[in-house]
Protein chains: 2
Amino acid sequence: MHCDHTASAEQLVDIAEQRCRELGVRFTPIRRRVFELVSDTPGGLKAYELLDRLSTEHASARPPTVYRALDFLMEQGLVHRIESQNAFVACPCPEPRPDHHGGFQLMICRACGRVEEMHRLEVTALMSQLVAEHGYTLERQTVELVGLCPDCRSAA
Amino acid sequence: MHCDHTASAEQLVDIAEQRCRELGVRFTPIRRRVFELVSDTPGGLKAYELLDRLSTEHASARPPTVYRALDFLMEQGLVHRIESQNAFVACPCPEPRPDHHGGFQLMICRACGRVEEMHRLEVTALMSQLVAEHGYTLERQTVELVGLCPDCRSAA
DNA sequence: ACCAGTGACGCAATAGTATACCACTTCGCC
DNA sequence: GGCGAAGTGGTATACTATTGCGTCACTGGT
Ligand SMILES: [Zn+2]
Ligand SMILES: [Zn+2]
Ligand SMILES: [Zn+2]
Ligand SMILES: [Zn+2]
């Protein structure tokens with residue numbers, strides 16, 4: 001039920017490559033590099049920060065370059081968008097599943113920017129029930145929880 | 001526990017005015033008009049749409065004009081931001097409370113754009129528990145649920 | 001090996017969202 | 001009336017994201 005989310009950035013890249021092969025989609029050098037950069041940044045990366053870093057080694061990079069790569073990675077469920085911050089974070093799951101795609105929760109430290117991802121079925125269940133009470137169906141959930149992480153809390 | 005959310009736009013404006021008086025903050029003509037425009041739009045309004053509408057009657061309106069008004073209204077809890085859409089929606093609560101401020105959930109129809117607001121304590125409780133298990137504190141939650149409303153579902 | 005079809009990329013322009021800054025006015029208070 | 005704080009006008013700019021089009025590279029079938 002819980003996957004462990006302890007994979008290193010390198011491991012995530014290997015897993016992503018493997019996964020793309022299985023799905024028959026192309027993990028091109030640009031996509032790979034973008035995924036590496038996002039994976040290396042625990043707090044998530046803004047698109048133009050990403051562009052800056054990518055530019056240093058890939059001079060022809062432009063906004064569409066990074067947005068296209070991010071769109072691809074999001075479609076594969078390898079990267080998620082943090083809506084409340086216009087930022088992008090790598091999915092830490094070693095084995096992203098389809099049901100996970102629209103059903104994860106992010107926990108964000110407002111002090112240090114750490115982001116942790118959860119995918120708790122109870123949350124999805126509660127949300128489904130909630131919307132059902134109003135006659136809605138649930139297709140996608142955005143859940144972003146902002147607070148203080150243990151480290152920052154004890155520092156304060 | 002549940003407030004009814006059936007107030008008309010006019011009623012919401014009156015309530016907001018009353019509320020600002022109580023709090024000792026100024027419900028200026030610009031702020032009032034922005035709140036009216038947002039309240040009149042059930043699916044929420046984008047900032048520049050709002051600017052367009054405001055401009056027709058208030059020629060000197062500029063982006064800062066509307067963002068300042070929106071910031072004020074959000075501080076008072078009269079308007080919420082829909083993070084996943086860069087849009088703003090009026091809080092339908094006749095009596096917004098402080099605990100409500102960071103603890104509401106939005107249900108959004110992807111077909112017609114309707115937005116309904118809920119503030120269910122069970123959700124906040126579950127989120128608090130969830131983050132507590134990871135040692136975090138919870139200060140603010142963004143919960144946006146996208147799906148089909150009853151009308152759009154039966155139409156499909 | 002050849003070719004057509006598709007998808008990825010390079011590149012320029014533009015659309016859309018939000019803030020910084022400074023001057024001036026209005027308000028509430030003394 | 002004088003004062004400080006808050007609100008507004010106005011300009012500029014920063015930040016975020018998409019469109020459109022031409023070209024190139026990979027893929028699959030022949
Ligand atoms: Zn996971
Ligand atoms: Zn922290
Ligand atoms: Zn309410
Ligand atoms: Zn609908």
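Proteins get letters first, then strands, A, B, ... in listed order; numbering begins at 1 in each.
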Relative to the 5' end of DNA chain D, which residue comes earlier, A/Asn86 or B/Ser60, by the nucleotide with the nearest heavy atom?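 Taking each residue's closest nucleotide, the earlier one in sequence belongs to B/Ser60.
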
If you assign B/Pro29 and B/Pro64 each to the DNA chain D nucleotide with the nearest heavy atom, which residue ends up on the more 5' nucleotide?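 With B/Pro29 and B/Pro64 compared, the 5'-side residue is B/Pro29.
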
Donor-acceptor side-chain pairing of A/Glu144 and A/Ser84 below 3.5 angstrom: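 There is such a pair (donor and acceptor under 3.5 Å, judged by atom type) between the side chains of A/Glu144 and A/Ser84.
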
Residue [X], side-chain atoms from C-beta onward, closest of [options]:
X       : options               : result
B/Thr28 : D/dG10, D/dG7, C/dA18 : D/dG7
A/Thr65 : D/dT11, C/dG10, C/dA8 : C/dG10
B/His58 : C/dT17, D/dG9, D/dT18 : D/dG9
B/Pro63 : D/dG10, D/dT8, C/dT19 : C/dT19
A/Tyr67 : D/dT16, D/dG9, C/dT17 : D/dT16
A/Arg31 : D/dT8, C/dT19, C/dC9  : C/dC9

Under a 4.0 Å N-O cut-off, is there an ion pair linking B/Glu36 with B/Arg33?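 Result for this pair is yes, salt bridge flagged.
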
For the pair made of [atom1] in [X] and [atom2] in [N], what is the distance, rounded to whole Å?
X       : N      : atom1 : atom2 : result
B/Arg68 : D/dG7  : CZ    : C1'   : 7 Å
B/Phe27 : C/dC27 : CZ    : P     : 17 Å
B/Phe72 : D/dA6  : CZ    : P     : 12 Å
B/Asp52 : C/dA15 : CG    : C1'   : 13 Å
B/Leu45 : C/dA18 : CG    : C1'   : 16 Å
A/Ile30 : C/dA8  : CD1   : P     : 11 Å
B/Asp71 : D/dT8  : CG    : C1'   : 14 Å
B/Leu73 : D/dG7  : CG    : P     : 11 Å

Side-chain-base donor-acceptor pair under 3.5 Å for A/Tyr48 and D/dA17: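 For A/Tyr48, whose side chain was compared with the base of D/dA17, there is a donor-acceptor pair (under 3.5 Å).
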
Reference residue A/Thr124; test side-chain hydrogen bond (donor to acceptor under 3.5 Å, both in side chains); the match among A/Gln129, A/His119, A/Gln141: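 By the side-chain hydrogen bond (donor to acceptor under 3.5 Å, both in side chains) criterion, A/Thr124 pairs with just one of A/Gln129, A/His119, A/Gln141: A/Gln141.
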
Under 30°, 30 to 60°, or over 60°: which ring-plane class applies to B/His80 and B/Phe104, parallel, tilted or perpendicular?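 Parallel, since the angle between the ring planes stays under 30°.
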
Need to verify one output field. Residue with the more 5' nearest nucleotide on DNA chain C, B/Arg81 or B/Arg26?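 This one resolves to B/Arg81.
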
Under 4.0 Å between a side-chain N/O of A/Lys46 and OP1 or OP2 of D/dC15, yes or no?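 False: A/Lys46 side-chain N/O out of range (4.0 Å or more) of D/dC15 OP1/OP2.
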
Whether the side chain of A/Thr137 engages the backbone of B/Leu148 through a donor-acceptor N/O pair (distance < 3.5 Å, no angle test) should be reported.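 Yes, the answer is positive, given that a donor and an acceptor are paired below the 3.5 Å cut-off.
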
